[in-house]
Amino acid sequence: MTTWNIDTPKTEYYDHTSRDLQNFVNEVTAAKLKSIDTETTGLCIWKDIPLYWSLAFGERRATLHASALPYFTDAFNDPTTRWVLARAKYDAHILANVGIELKGQLADVQVMHSLLFCERSHRLKDICQHLFGWRWMDFQDTFGKIGKLQTAEQLIRKAEAHDMSMLAEYAANDAWGTLACYHELKSQLEQAPTHSLFRDIAPYIRTLWDLYEKVEMPYTKVLWFTERNGIQINKAYLDSISPTAVAEIQATEREIYKLAGRAFNPRSPAQLHQYFFEEKKYTAVKFNKVGKTGVRNKSVDSSVLEVWASHDPMAALLLKHREYTKLHGTYIVGLAEHADQFDRIHTTLNQDIARTGRLSSADPNLQNVPGAENDKWKLRGAFVARPGHKLIVADYKQLEMRLLACASLDPDMISVIERGWDIHMGSAAMIFGKPYEDIVAAKKRPHAQLTDYDKECLADRAAAKTIGFGLIYGMGTKKLANSLHCTVKEAQSKIDQFLATYKAVDAFKDEAIKEAMATGYAFTIMGRRRDLPEIASHRNDERASGERKARNTPIQGSAADVVKMAQINLYKANLHGRYNCIPVLQVHDEIIHECPDEAVPEAMAEIQDWMEHPFVIDLAVALEVDIKAGNSWYEAK
DNA sequence: TTAGCGGGCGCG
DNA sequence: AAAGCGCGCCCGCTAA
């Protein structure tokens with residue numbers, strides 16, 4: 001198989017001994033727009049290093065040996081260069097692992113592609129095929145499988161001994177393809193009209209290129225810096241609770257076997273089926289969603305086990321077993337395995353995965369670490385600051401609800417917020433006609449002293465909160481009734497009361513659907529747009545799903561925009577240079593910094609200020625941030 | 001052995 | 001018939 005199905009310029013090759021290297025260095029340094037890619041020892045962003053690397057600029061393409069890297073210092077240090085990459089943060093890490101920082105801009109073609117085609121794959125090979133119909137063999141097809149027997153490094157060593165020209169061609173293809181994608185995607189982004197969800201932002205964002213250049217491109221650098229910093233963990237603590245957890249799990253298993261009268265695997269849904277549905281003849285409480293196979297399976301998830309647990313100790317034991325094995329496998333063992341030599345964890349914050357524009361976190365996922373409610377072993381206490389430092393944890397108060405108020409301009413919802421009321425308690429007061437103070441008082445009172453009226457107040461607040469979120473998500477009455485433990489009729493009447501109180505919110509949800517119908521897209525504050533073809537589907541279930549996305553995406557996506565802008569502004573404000581205060585994590589509506597003790601007050605004030613004013617113009621509703629410093633994530637929350 | 005899927009469940 | 005948005009990881013299971 002040929003490597004390409006198109007013609008390309010000849011691939012140049014250099015290493016540190018090449019006689020014409022200096023000429024090439026000069027030309028590379030002069031080119032201000034260029035793509036770069038690395039062939040590495042592996043996929044670890046804090047450990048692996050480049051073996052070969054490739055460049056493309058203008059009509060040239062080259063593969064270089066890692067030994068040539070030191071000759072390009074001026075190019076790497078040039079702040080005016082725009083580096084074009086595919087999976088930019090990864091290559092930037094690999095280069096940083098040998099002391100090279102790309103000081104210019106980082107443009108990532110995968111992120112560019114995701115703004116236009118969020119439903120498609122953003123792997124370089126797939127983008128090239130999608131945009132140009134180009135194909136070339138991928139790494140594993142060219143060199144062999146990476147697995148237990150062969151590492152990436154061994155494959156490259158084999159290739160360089162066997163057929164160096166094939167290796168050079170392969171490496172240069174990636175840089176060449178990346179640069180070609182950049183030009184094409186820039187042109188498509190410039191021709192993609194969009195608009196801000198909010199009038200005041202509209203003049204700044206006219207095309208998706210504006211969104212890319214003003215938000216996503218600078219954000220890539222912020223995320224790279226955040227990943228690079230990593231977050232400190234107390235590995236000794238995790239290691240110390242692991243045996244405890246194992247012992248608890250084993251004890252639970254022994255109880256399970258005793259009760260069942262035999263040994264079976266409590267982790268296996270199939271064996272749970274056998275036990276509950278065939279031996280005990282239980283009837284199904286609920287069914288799983290139909291997947292590809294179209295089979296409706298009886299569920300044995302925690303909500304089902306909870307129903308059974310009231311009369312069946314086995315269900316209670318299994319719930320306990322699930323909780324403990326989840327915590328142990330995913331977090332206690334899982335997290336410790338990811339620590340670097342300084343006990344810091346470097347997650348990957350994906351910028352091109354979530355359809356709404358949110359980040360996703362992987363390897364490991366640090367955005368799903370249990371909160372206080374599910375944190376039996378205080379796992380958030382294992383995320384710490386270095387000695388002499390504090391973690392500063394800042395999170396938005398009800399960001400999505402405030403953005404709903406902004407988007408709908410609902411005067412009553414806005415007035416609740418402007419009075420400084422807790423939004424859910426305020427909603428409960430407005431909707432159900434109770435004095436706000438009564439609800440506040442009920443919330444404060446110890447559980448044992450609650451009067452019936454207090455309980456009613458708390459139920460009203462819970463209802464207002466659930467309806468508020470449910471509205472954003474498009475929850476149905478059945479689901480609402482389920483989570484409020486009331487009848488469908490009562491749930492419907494509560495929704496009616498909510499929407500009668502917040503009339504503009506009611507209108508917004510219809511407007512959002514109407515706009516998506518008219519344009520085919522859902523839009524956010526910064527003009528991100530999500531293609532929603534299913535909004536016009538003739539299939540009712542598909543269309544309903546499209547409608548839920550149409551009203552959710554503007555809110556969830558705008559919340560993502562807000563946090564991104566805050567992070568970009570904070571990076572520009574240079575807290576790292578001025579205070580050694582560094583960003584270490586983002587969890588959707590929460591930003592975590594690590595800060596030297598002496599700079600904590602100043603840094604906190606600046607973080608709060610930038611988070612509350614993320615745009616050049618303030619929104620119709622103030623944004624509020626809770627901020628706290630402590631020795632660990634647990635302490636500072 | 002590995003890859004892919006489904007079930008289950010952690011977060012916002 | 002089912003009807004909540006957005007993610008990633010662990011485990012069991014099956015197919016290759």
Side-chain angles (χ1 to χ4, degrees), chain A residues 118 140 145-149 264-273 286-305 318-319 321-335 337-338 347-350 353-376 379-380 395-396 398-400 466-467 469-483 488 512 522 530 539-557 559-560 563 585-590:
Chain A
C118 75
Q140 301 207 13
K145 282 241 180 197
I146 301 175
K148 281 259 156 64
L149 301 173
F264 72 96
N265 186 350
R267 295 166 182 81
S268 162
Q271 294 184 40
L272 261 51
H273 271 87
K286 74 170 195 179
F287 291 87
N288 289 316
K289 276 200 187 126
V290 286
K292 283 188 177 174
T293 52
V295 183
R296 286 170 78 244
N297 285 316
K298 297 168 186 162
S299 172
V300 286
D301 72 12
S302 62
S303 71
V304 173
L305 291 179
L318 288 167
L319 281 167
H321 190 268
R322 287 242 178 102
E323 184 192 338
Y324 292 177
T325 51
K326 173 91 181 175
L327 289 174
H328 184 252
T330 307
Y331 303 108
I332 299 173
V333 176
L335 286 178
E337 281 173 356
H338 280 91
T347 184
T348 295
L349 296 164
N350 293 303
I353 300 277
R355 309 306 194 253
T356 54
R358 269 192 178 182
L359 296 180
S360 85
S361 161
D363 303 315
N365 182 356
L366 294 186
Q367 291 182 325
N368 73 344
V369 177
E373 192 111 315
N374 296 302
D375 200 2
K376 181 182 162 70
L379 292 171
R380 289 198 177 197
D395 62 295
Y396 285 97
Q398 306 125 354
L399 179 55
E400 293 194 345
T466 309
I467 296 169
F469 281 113
L471 208 73
I472 296 171
Y473 298 149
M475 194 196 301
T477 49
K478 211 179 136 186
K479 181 89 180 179
L480 180 66
N482 206 314
S483 45
V488 172
R530 178 181 183 180
R539 277 185 47 181
N540 290 333
D541 54 349
E542 253 179 29
R543 195 176 59 252
S545 165
E547 290 174 353
R548 289 194 295 273
K549 290 171 189 164
R551 64 168 103 160
N552 176 259
T553 300
I555 303 300
Q556 187 181 124
V563 182
L585 194 59
Q586 186 253 45
V587 190
H588 305 307
D589 64 352
E590 174 175 344

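Just so it is clear, the model here is predicted, and its values are computed rather than measured. Every chain is numbered from 1, with letters handed out A, B, ... down the list of sequences.
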In whole Å, I'd like the distance from the [atom1] atom of [X] to the [atom2] atom of [N].
X        : N      : atom1 : atom2 : value
A/Asp589 : C/dC5  : CG    : C1'   : 15 Å
A/Leu471 : C/dA3  : CG    : P     : 19 Å
A/Lys298 : B/dG6  : NZ    : C1'   : 17 Å
A/Glu400 : C/dG6  : CD    : C1'   : 9 Å
A/Gln398 : B/dG12 : CD    : P     : 14 Å
A/Phe287 : B/dG8  : CZ    : P     : 12 Å
A/Asp363 : C/dC10 : CG    : C1'   : 14 Å
A/Asn350 : C/dG6  : CG    : C1'   : 14 Å

Residue list, salt bridge (charged side-chain N to carboxylate O under 4.0 Å, His left out) with A/Arg543, at least two apart or on another chain:
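Scan of A/Arg543 (salt bridge (charged side-chain N to carboxylate O under 4.0 Å, His left out), adjacent residues dropped) gives none.
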
Ring pair (Phe, Tyr, Trp, His ring centres under 6.0 Å) involving [X] - partner list, sequence neighbours excluded:
X        : value
A/Phe287 : none
A/Tyr396 : none
A/His273 : A/Phe277

In B/S/- notation (B base, S sugar-phosphate only, - none; protein heavy atoms under 4.0 Å), nucleotides 11-16 of chain C written 5' to 3' is SSS---

Going by the rule side-chain hydrogen bond (donor to acceptor under 3.5 Å, both in side chains), which residues pair with [X] if we only count those two or more places apart in sequence or in a different chain?
X        : value
A/His338 : none
A/Glu542 : A/Ser537
A/Asn350 : A/Ser360
A/Ser303 : A/Asp301

Q) Quick one: salt bridge (Lys or Arg N to Asp or Glu O under 4.0 Å) pairs with a partner in residues 353-366 of chain A, sequence neighbours left out? A)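 Of all non-adjacent pairs touching residues 353-366 of chain A, those that pass salt bridge (Lys or Arg N to Asp or Glu O under 4.0 Å) are A/Glu119-A/Arg355, A/Arg358-A/Glu400.
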
Looking for any heavy atom pair under 4.0 Å, which part of the strands does [X] touch: base, sugar-phosphate only, or nothing?
X        : result
A/Ala544 : nothing
A/Asp395 : nothing
A/Arg551 : nothing
A/Lys478 : nothing

Detail all sub-3.5 Å separations between protein N/O atoms and N/O atoms belonging to nucleotides 9-11 of chain B.
residue : atom : partner  : partner atom : Å
B/dC9   : OP1  : A/Ser302 : N            : 3.4
B/dC9   : OP1  : A/Arg322 : NH1          : 2.8
B/dC9   : OP2  : A/Ser302 : N            : 2.8
B/dC9   : O2   : A/Lys326 : NZ           : 2.9
B/dG10  : N2   : A/Asn368 : ND2          : 3.4
B/dG10  : N3   : A/Asn368 : ND2          : 3.1
B/dC11  : OP1  : A/Gly371 : N            : 2.8
B/dC11  : OP1  : A/Asn374 : ND2          : 3.1
B/dC11  : OP2  : A/Asn374 : ND2          : 2.9

For this session: Grab the stems for DNA chain C, please: at least three consecutive Watson-Crick or wobble pairs, both distances below 3.5 Å, written as range with range.
Result: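 If one scans DNA chain C for consecutive Watson-Crick or G-U pairs, the stems found are B:1-12 with C:5-16.
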
**Request:** Going by the side chain to side chain contact (heavy atoms under 4.5 Å, CB included) test, name the single residue among A/Val587, A/Thr348, A/Leu335, A/Leu349 that passes it with A/Leu366.
**Result:**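 The passing option is A/Leu335.
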
- Message: Taking C/dA1 as the reference, what is the distance to B/dC9 when you measure between their P atoms (whole Å, please)?
- Response: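 My reading of the P atoms in B/dC9 and C/dA1 gives 27 Å.
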
Phosphate OP1/OP2 of B/dG7 contacted by A/Asn297 side-chain N/O (<4.0 Å):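 Indeed, a polar side-chain atom of A/Asn297 lies that close.
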
Answer yes or no: is there a side-chain heavy-atom contact under 4.5 Å between A/Asn368 and A/Tyr331?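 Yes, their side chains come closer than 4.5 Å.
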
(Q) From the set C/dG8, C/dC10, C/dC7, return the single nucleotide nearest to any side-chain atom of A/Thr330. (A)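 Closest nucleotide to the A/Thr330 side chain: C/dC10.
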
| said: Please evaluate residues A/Val563 and A/Leu359 with respect to the criterion side-chain contact (heavy atoms from CB on, under 4.5 Å), reporting the C-alpha separation (whole Å), side-chain torsions for both, the decisive distance (0.1 Å), and the verdict. | reply: CA-CA 10 Å; A/Val563 182; A/Leu359 296 180; over 6 Å; no

